[in-house]
2 protein chains.
Amino acid sequence: MKARRQSVILETIQRQRVGSQEQLRRLLRAAGFDVTQATLSRDIRELGLVKGGADRAYQPPAAAATNGNPSALLNRAVGEYLTRVDRVQQLVILRTGPGQAPLLGVALDGARLPELVGTIAGDDTILAIAPDARRARVLVRRLERLSRP
Amino acid sequence: MKARRQSVILETIQRQRVGSQEQLRRLLRAAGFDVTQATLSRDIRELGLVKGGADRAYQPPAAAATNGNPSALLNRAVGEYLTRVDRVQQLVILRTGPGQAPLLGVALDGARLPELVGTIAGDDTILAIAPDARRARVLVRRLERLSRP
DNA sequence: CACGCGACTGTATAAATATTCTTTTTCGAC
DNA sequence: GTCGAAAAAGAATATTTATACAGTCGCGTG
């Protein structure tokens with residue numbers, strides 16, 4: 001349950017201003033996830049979300065992680081979620097556990113890798129698109145290096 | 001008082017992990033600023049600080065603001081603080097109200113302007129260094145445009 | 001099967017933060 | 001100076017968030 005719920009949280013805070021965990025709780029309940037505020041507090045920490053700014057809303061972690069190591073987030077996400085990598089021409093297929101694909105997708109997008117044009121995340125699969133086959137190979141190598149340092 | 005205090009807040013959260021407004025209050029008191037938690041809550045909002053991430057600490061706004069408009073923060077800071085701009089060769093001298101220079105300095109650094117090598121902020125003056133005189137002129141023009149659109 | 005272990009969650013509550021309502025301070029016009 | 005308006009800050013309090021503790025579930029092992 002957790003991975004799916006966290007994915008929905010990520011999408012939710014990007015679609016609208018979420019100013020409290022109670023509000024988030026109501027939104028999630030409408031989406032079929034009925035959990036307590038305590039659980040959301042834990043989810044928010046695990047996702048690395050950040051609260052503040054002019055409107056005191058929750059924000060995605062990508063920006064915040066940019067501080068120290070730019071790809072620390074990607075690093076963590078790859079280690080945590082990625083289970084398999086394949087390549088077909090300039091396309092790279094990434095596999096994760098169920099519901100985890102969006103989490104890894106966000107991390108990939110946020111890392112702004114030069115050899116990555118964009119991603120489409122399903123439930124447990126991500127299609128990552130490189131400019132050409134050569135750079136797709138570079139991407140595969142980079143991911144493999146990240147997944148076992 | 002406020003501008004100076006907010007500058008110190010910015011420096012403080014960059015030097016060490018600050019996990020609560022009470023902790024920040026104690027740190028500021030050691031630095032000669034004796035204010036209540038309510039005031040800090042307001043300062044934090046005005047600075048656009050953000051709290052969260054793995055260690056639930058306060059973080060500077062630059063990263064968070066990168067989301068929407070990259071230079072929205074600079075825009076605001078220039079409008080709010082900048083009072084005068086001069087140029088000498090490749091150096092640009094910016095003036096602000098007392099204690100406000102560090103705030104504008106942080107915004108300038110965060111904006112990563114191509115014609116700006118770096119800044120040194122005093123209390124009410126910033127020395128901004130461009131690669132050469134031509135680009136210093138570009139910088140001056142950009143700042144003037146920002147200060148009265 | 002019984003046990004222990006680890007991940008996950010809820011409940012209750014402590015801790016932290018935001019806000020409302022006042023008071024104080026600042027500053028410009030007179 | 002004195003007045004009034006606006007900014008700044010405090011006190012008290014409401015709201016929000018984190019956490020200690022306990023319970024459940026799934027799973028692998030003796």
Side-chain angles (χ1 to χ4, degrees), chain A residues 1-10 12-13 16-29 31-61 64 76-77 79-81 83 96-100 103, chain B residues 1-10 12-13 16-29 31-61 64 76 79-81 83 96-100 103 124:
Chain A
M1 208 78 217
K2 195 167 69 150
R4 283 171 206 278
R5 185 182 62 237
Q6 293 187 348
S7 298
V8 175
I9 291 175
L10 233 34
T12 303
I13 64 161
Q16 68 189 277
R17 195 204 98 105
V18 178
S20 80
Q21 298 178 3
E22 257 313 296
Q23 182 190 352
L24 182 58
R25 197 168 81 85
R26 284 191 295 274
L27 292 169
L28 287 179
R29 195 166 37 189
F33 296 91
D34 200 346
V35 293
T36 59
Q37 171 267 325
T39 297
L40 295 183
S41 173
R42 291 170 193 129
D43 284 345
I44 282 167
R45 179 188 339 231
E46 284 167 28
L47 289 169
L49 296 192
V50 123
K51 186 188 184 190
D55 63 351
R56 309 228 209 230
Y58 283 101
Q59 298 172 27
R76 217 181 105 250
E80 187 103 352
Y81 304 127
T83 59
T96 69
Q100 299 176 347
L103 299 172
Chain B
M1 207 77 211
K2 196 167 69 151
R4 283 169 207 277
R5 185 182 63 238
Q6 293 187 347
S7 298
V8 175
I9 290 175
L10 234 36
T12 303
I13 64 162
Q16 68 189 278
R17 195 205 98 106
V18 178
S20 80
Q21 297 178 2
E22 257 312 297
Q23 183 190 352
L24 182 58
R25 198 168 81 84
R26 283 191 295 274
L27 292 169
L28 288 179
R29 196 167 34 191
F33 298 90
D34 200 346
V35 293
T36 59
Q37 172 266 326
T39 297
L40 294 183
S41 173
R42 293 186 273 248
D43 283 344
I44 283 167
R45 162 150 39 197
E46 284 168 27
L47 288 169
L49 295 191
V50 122
K51 186 189 184 187
D55 64 352
R56 307 228 212 232
Y58 283 102
Q59 298 172 27
R76 218 182 102 250
E80 188 102 353
Y81 304 126
T83 60
T96 70
Q100 299 177 345
L103 299 172
D124 62 358

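Order of the sequence lines sets the chain letters (A, B, ...), proteins ahead of strands, with each chain counted from 1. Worth saying up front: this structure is predicted, and the values here are computed from it rather than measured. When reading the values below, keep in mind they use all heavy atoms of this one structure, side chains included, and skip hydrogens, waters and symmetry mates.
Remark: P of D:dA9 and CG of B:Leu28 are 12 Å apart, rounded to the nearest angstrom. When rounded to the nearest whole Å, the span between CZ of A:Arg26 and P of D:dT15 equals 13 Å. Rounded to a whole Å, the CZ atom of B:Arg45 is 16 Å from the C1' atom of D:dA7. Distance CG (B:Leu40) to P (C:dT19): 15 Å, rounded to an integer number of Å. At whole-Å resolution of the value, CD1 in B:Ile44 and P in D:dA9 are 14 Å apart. Rounded to whole Å, the distance from CZ on B:Arg25 to C1' on D:dA9 is 13 Å.
Atoms CZ and CD1, from A:Arg4 and A:Ile9 in turn, are 14.5 Å apart once rounded to the nearest 0.5 Å. Atoms CZ and CG, on B:Arg42 and B:Leu47 in that order, are 14.0 Å from each other to the nearest 0.5 Å. The OG1 atom of B:Thr36 sits 9.5 Å away from atom CD of B:Glu22, with the distance rounded to the nearest 0.5 Å. Atom CZ of B:Arg45 is separated from atom CG of A:Asp55 by 9.0 Å, given to the nearest 0.5 angstrom.
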Going 5' to 3' through nucleotides 5-17 of chain C, assign each nucleotide B (protein heavy atom under 4.0 Å from a base atom), S (under 4.0 Å only from sugar-phosphate atoms) or - (no protein heavy atom that close). ---SBBB----SB
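In terms of the side-chain hydrogen bond (donor to acceptor under 3.5 Å, both in side chains) criterion, residue partners of B:Lys2 (sequence neighbours excluded) are, by chain and number, B:Glu46.
Judged purely by atom type and a 3.5 angstrom limit, A:Gln37 has no side-chain atom pairing as donor or acceptor with the backbone of A:Ser20. A donor-acceptor distance shorter than 3.5 angstrom exists from the side chain of A:Gln59 to the backbone of A:Gly52, with no hydrogens or angles considered.
The bend of the helix from C:dC1-D:dG30 to C:dC30-D:dG1, defined by the angle between the axes of its first five and last five pairs, stands at 20° to the nearest 10°.
For the side-chain contact (heavy atoms from CB on, under 4.5 Å) with A:Thr39, the qualifying choice from A:Arg25, A:Arg5, A:Gln21, A:Met1 is A:Arg5, the only one to do so.
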